[in-house]
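One structure below.
Every number for a ligand or one of its atoms is a count from 1 in the order of the listing.
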Amino acid sequence: MDLKGWVRTSLVDYPEHIATVLFTGGCNFRCPMCHNADLVTRPQELPTLPEEEVWKFLGRRVGLIEGVVITGGEPTLQPTLLSFLRRLRESDLAMKVKLDTNGYRPDVLAAVLDERLVDYVAMDIKAPPGKYALLAGRDGLDVGRVARSIALLRDGEGTYEFRTTVVPGLLVEQDVGEIARWIEGAERYVLQQFRPQGTLDPGLEAVSPCSRDHLQQMAMRAEQWVQHVALRGL
Ligand code: SF4
């Protein structure tokens, strides 16, 4: 895979597990609130990590590292994603695997789920359908592809979360309610606090995050449609 970044040990990227985090280069979205601008806009200028170095590291950390997180960028753009995941599954590492995705390639997600190649999927829901282009930074976007990924996860048997970064000024409480209605019946929905540092759109660096009270109010609204709503990053 085109690996452009690596956090060897993380306590926060895989719920309840110590994980290593692999960042793939390139993305099909240009979210204004993205914190991985280099990965998204100029991955070809970043050095590629030798994959074998990762495998050696994992081999030496059996029993210590519990999970592998594949994030990006957008991992489903990687032509070798499935073969990488199969190798993880077939290895003796016995590590859990989490995939982070924006859900814009439902066919790839379906293949991953069909083969049960991951233990956990975290899928971003950027906005309600009518605002998706704005929050994903892409004109002419086919929201139906996001909807297909939502259905794949919600109607499937795997463990997953949907998550939204609440960007003040771009998303309001009503939008969060609309998203929750869109994903109605989902097991878990996470509202993530916005961090104004190093955003793809520099204009967002002047935006203050929501207060805890306001996020809690949004969570209560979302609970009308989703079983468990959690806050993250406060
Ligand atoms: S935040 Fe948006 S632009 Fe950044 S990696 Fe995720 S989907 Fe791509």
Near Asn102, which atoms of ligand 1 are under 4.0 Å from a heavy atom of that residue? 7 (S)
Within 4.0 Å of some non-hydrogen atom of Gly73, the atoms of ligand 1 are 5 (S)
Taking heavy atoms and a distance under 4.0 Å, where does Glu74 meet ligand 1: side chain, backbone, both or neither? neither
Please classify the Cys27 to ligand 1 contact at 4.0 Å (heavy-atom distances, strictly less than): side chain, backbone, both or neither. side chain
Quick one: CZ on Arg221 to CG on Leu191, what's the gap to the nearest 0.5 Å? 12.0 Å
With rounding to the nearest 0.5 Å, note down the distance linking CD1 in Ile150 to CE in Met123. 4.5 Å
Centroid separation under 6.0 Å, is that true for the rings of Tyr189 and Trp225? no
How about Trp55 and Phe84: are their ring centroids closer than 6.0 Å? yes
From His17, Lys96, Glu161, residue fulfilling side chain to side chain donor-acceptor pair (under 3.5 Å) relative to Tyr120: Glu161
Distance check below 2.8 Å: does Cys34 bring an N, O or S atom to atom 4 (Fe) of ligand 1? yes
Provide, to 0.1 Å, the distance between atom 2 (Fe) of ligand 1 and the closest protein heavy atom, together with that atom's residue and name. Cys31 SG, 2.3 Å
Please write down residue, atom name and distance for the protein heavy atom closest to atom 6 (Fe) of ligand 1. Lys126 NZ, 3.9 Å
So, 4.0 Å and heavy atoms of His35: is ligand 1 close enough to count as a contact? no
Does ligand 1 have an atom under 4.0 Å from some heavy atom of Val40? yes
Determine whether a donor-acceptor pair (N or O, by modelled atom type, separation under 3.5 Å) exists between the side chain of Glu115 and the backbone of Leu117. no
Parallel, tilted or perpendicular, judged at 30° and 60°: which one describes the rings of Tyr160 and Phe162? tilted
